[in-house]
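Only heavy atoms go into these numbers, but all of them, side chains included; no hydrogens, no water, no symmetry mates. Start at 1 with the first residue, then count along the sequence.
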Amino acid sequence: MSGLTLIASYPKSGNTWLRAFLASHLRGGQPIDLNADLARIGNLTSRSLQDFHAGLEHADLNPQEVALLRPLTSRRIAQELPGLYKTHDSNLAPPGAREPAIPAVAINRVIYIVRDPRDVAVSASHHFGWSPATAVDRMADASFRLGGSSHRLNMNIEQWVSSWSAHIESWLDAPDLRLLPLRYEDLLADPLRRFTALCRFLDLDDTREVVSRSLEASRFSVLAGQEGRTGFRERYRGSTAPFFREGRVGGWRTALAPELVERLVSDQGRVMARLDYL
């Protein structure tokens, strides 16, 4: 597979679950080591990966310099180390940059996962240690970024995320991309069908036996149990909540105050309706 194959999503939309399934599938449906095997489907914004292929340390650059360098490094990774990567980057050019961090020429194909933003807000508040109100605000923030830190070096470099709606439409409406959109809710409701379609999209073994074994190995309870026993390196350092907390649909109904639901729908309603969340 030449170029970058991306598992792209707004944060807390199911990206890690998909990676766990694929990590098992690539081993024939065998159980996975949550830390070792997920690391083989790495984050494209990993600081070590980006530093190596850029030939410099991003810690020495300011945010605008990082934004200008990212497309060049993405092209280089696509040539030198093509394969499957996770990203939370939007498909938008950050301020001061001429193109998105991952230009289309570097991309082979994209799996794009969406999730009801009301559940995203609840999950993000636990993951990042935010209040629910802060999560709703961040999701409406067109300048929202990940990876920046004023007091310690982040394991990932800065990513231009933007708002929930802008992030989604930047990928779904991108021309000339081979893209498979997936709703988190559909993956939960009909996993065998949806994950089989995913395997076909990636030219992987789509036999019922292998897909079923991979689904069993990546069940939420299996992943949460392993995190409880051995920990998970990708859990946000500032949070006390486990990474694999609930993973269900509709938790927002009891976790989000009505006024926050109203704000979220006001901010994101058009795209929510487009994705059948309203």
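Using a 4.5 Å cut-off on side-chain heavy atoms (C-beta onward), Leu68 and Arg98 make contact. You'll find the side chain of Leu204 reaches within 4.5 Å of the side chain of Leu26, heavy atoms only. Two residues are said to be in side-chain contact when any heavy atoms from C-beta on lie closer than 4.5 Å; Val161 and Pro11 meet this criterion. Using a 4.5 Å heavy-atom cutoff, the side chains of Leu81 and His53 are in contact. Within the 4.5 Å cutoff, no side-chain heavy atoms of Asn91 are placed close to those of Ile102. Ile77 is listed as a side-chain neighbour of Tyr85, based on a closest heavy-atom distance under 4.5 Å. In this structure, the side chains of Val265 and Met272 come closer than 4.5 Å at one or more pairs of heavy atoms. Side-chain atoms of Leu92 and Pro100, non-hydrogen and from C-beta on, never get closer than 4.5 Å to each other.
The CD1 atom of Ile113 lies 6.5 Å from the CG atom of Leu182; values are rounded to the nearest 0.5 Å. Atom-to-atom distance recorded for His88:NE2 and Leu44:CG is 12.0 Å, nearest 0.5 angstrom. The line from CG of Asn108 to OG1 of Thr5 is 4.0 Å long, rounded to the nearest 0.5 Å. With rounding to the nearest 0.5 angstrom, the NZ atom of Lys86 is 13.5 Å from the CG atom of Leu22. Here the CD1-CG distance, from Ile157 to Leu146, works out to 12.0 Å after rounding to the nearest 0.5 Å. Distance check, rounded to the nearest 0.5 Å: CZ of Arg40 to CD1 of Ile32 gives 10.0 Å.
No donor-acceptor pair under 3.5 Å is formed between the side chain of Ser266 and the backbone N or O of Glu262. A donor-acceptor pair is defined here as one N or O able to donate and one able to accept, closer than 3.5 Å; such a pair exists between the side chain of Gln268 and the backbone of Met139. In this structure a side-chain-to-backbone donor-acceptor pair under 3.5 Å is present from His167 to Asp89. One N or O on the side chain of Ser125 and one on the backbone of Val122 form a donor-acceptor pair closer than 3.5 Å. Within the 3.5 Å criterion, the main-chain N or O of Gln159 finds no donor-acceptor partner in the side chain of Arg145. No donor-acceptor pair closer than 3.5 Å links the side chain of His25 to the backbone N or O of Val210. The backbone N or O of Ile7 sits less than 3.5 Å from a side-chain atom of Asn15, completing a donor-acceptor pair.
Within 6.0 Å of the CG atom in Asn62, the count of heavy atoms belonging to other residues, nucleotides or ligands exceeds 12. The 12-atom threshold is exceeded at CZ of Arg178, counting heavy atoms of other residues, nucleotides or ligands nearer than 6.0 Å.
Under the 4.5 Å side-chain heavy-atom criterion for Ile, Leu, Val, Met, Phe, Trp and Tyr, Ile41 and Leu34 are members of the same hydrophobic cluster. There is no path of hydrophobic side-chain contacts, each under 4.5 Å, that joins Trp160 to Leu6. Val66 and Leu72 fall within the same hydrophobic cluster, where Ile, Leu, Val, Met, Phe, Trp and Tyr residues are linked whenever their side-chain heavy atoms come under 4.5 Å apart, directly or through other members. Under the 4.5 Å side-chain heavy-atom criterion for ILVMFWY residues, a single connected hydrophobic cluster contains both Leu278 and Ile168. Under a hydrophobic clustering in which Ile, Leu, Val, Met, Phe, Trp and Tyr are joined whenever their side-chain heavy atoms come within less than 4.5 Å, directly or via other members, Leu187 and Leu192 fall into the same cluster.
At a threshold of 4.0 Å, the pair Asp37-Arg19 does not count as salt-bridged, since none of the basic side-chain nitrogens sits closer than that to a carboxylate oxygen. In this structure, Glu80 does not pair ionically with Arg75, as no charged nitrogen and carboxylate oxygen lie closer than 4.0 Å. Under 4.0 Å is where a charged nitrogen must lie from a carboxylate oxygen, and between Arg274 and Glu169 at least one such pair does. The pair Glu209-Arg213 counts as a salt bridge, with a side-chain nitrogen and a carboxylate oxygen less than 4.0 angstrom apart. Taking the charged nitrogens against the carboxylate oxygens, Arg253 and Asp119 have no contact shorter than 4.0 Å, which rules out a salt bridge.
Pro71 and Ala67 make their closest contact through CD-O, 3.3 Å (heavy atoms, listed as atom of the first residue, atom of the second, distance). Smallest separation of non-hydrogen atoms from Phe21 and Val211: CE1-O, 3.7 Å. Taking every heavy atom of both residues into account, Ala121 and Val136 meet most closely at CB-CG2, 4.3 Å. Here the closest non-hydrogen pair linking Ala78 and Ala106 is CB-O, 3.5 Å. Residues Ala54 and Leu69 share a closest heavy-atom pair of CB-CD2, 3.9 Å. Of all heavy-atom pairs spanning Pro181 and Leu172, the tightest one is CB-CD2, 4.0 Å.
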Under the criterion side-chain contact (heavy atoms from CB on, under 4.5 Å), I'd like the reasoning laid out for Ser13 against Val120: C-alpha separation, chi angles, the key distance, then a yes or no.
CA-CA 6 Å; Ser13 298; Val120 171; 3.9 Å; yes
Could you go through the side-chain contact (heavy atoms from CB on, under 4.5 Å) check for Leu202 and Leu180 one step at a time?
CA-CA 10 Å; Leu202 294 176; Leu180 175 69; over 6 Å; no
Step-by-step side-chain contact (heavy atoms from CB on, under 4.5 Å) determination, Leu18 to Phe195
CA-CA 9 Å; Leu18 224 68; Phe195 280 91; 3.5 Å; yes
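Of the candidates Ser90, Ser165, Ser163, Ser90 is the only one forming a side chain to side chain contact (heavy atoms under 4.5 Å, CB included) with Ser170. Under the side chain to side chain donor-acceptor pair (under 3.5 Å) test applied with Tyr277, the options Glu185, Arg115, Arg118 reduce to a single match, Glu185. Checking each of Asn156, Asp51, Thr73 against His58 for a side chain to side chain donor-acceptor pair (under 3.5 Å) leaves exactly one that passes, namely Asp51.
For Ala104, the side chain to side chain contact (heavy atoms under 4.5 Å, CB included) partners at least two apart in sequence or on another chain are Leu177.
When ring centroids are compared, Trp171 and Tyr10 stay outside the 6.0 Å threshold. Taking the ring centroids of Trp17 and Tyr184, they lie under the 6.0 Å cut-off.
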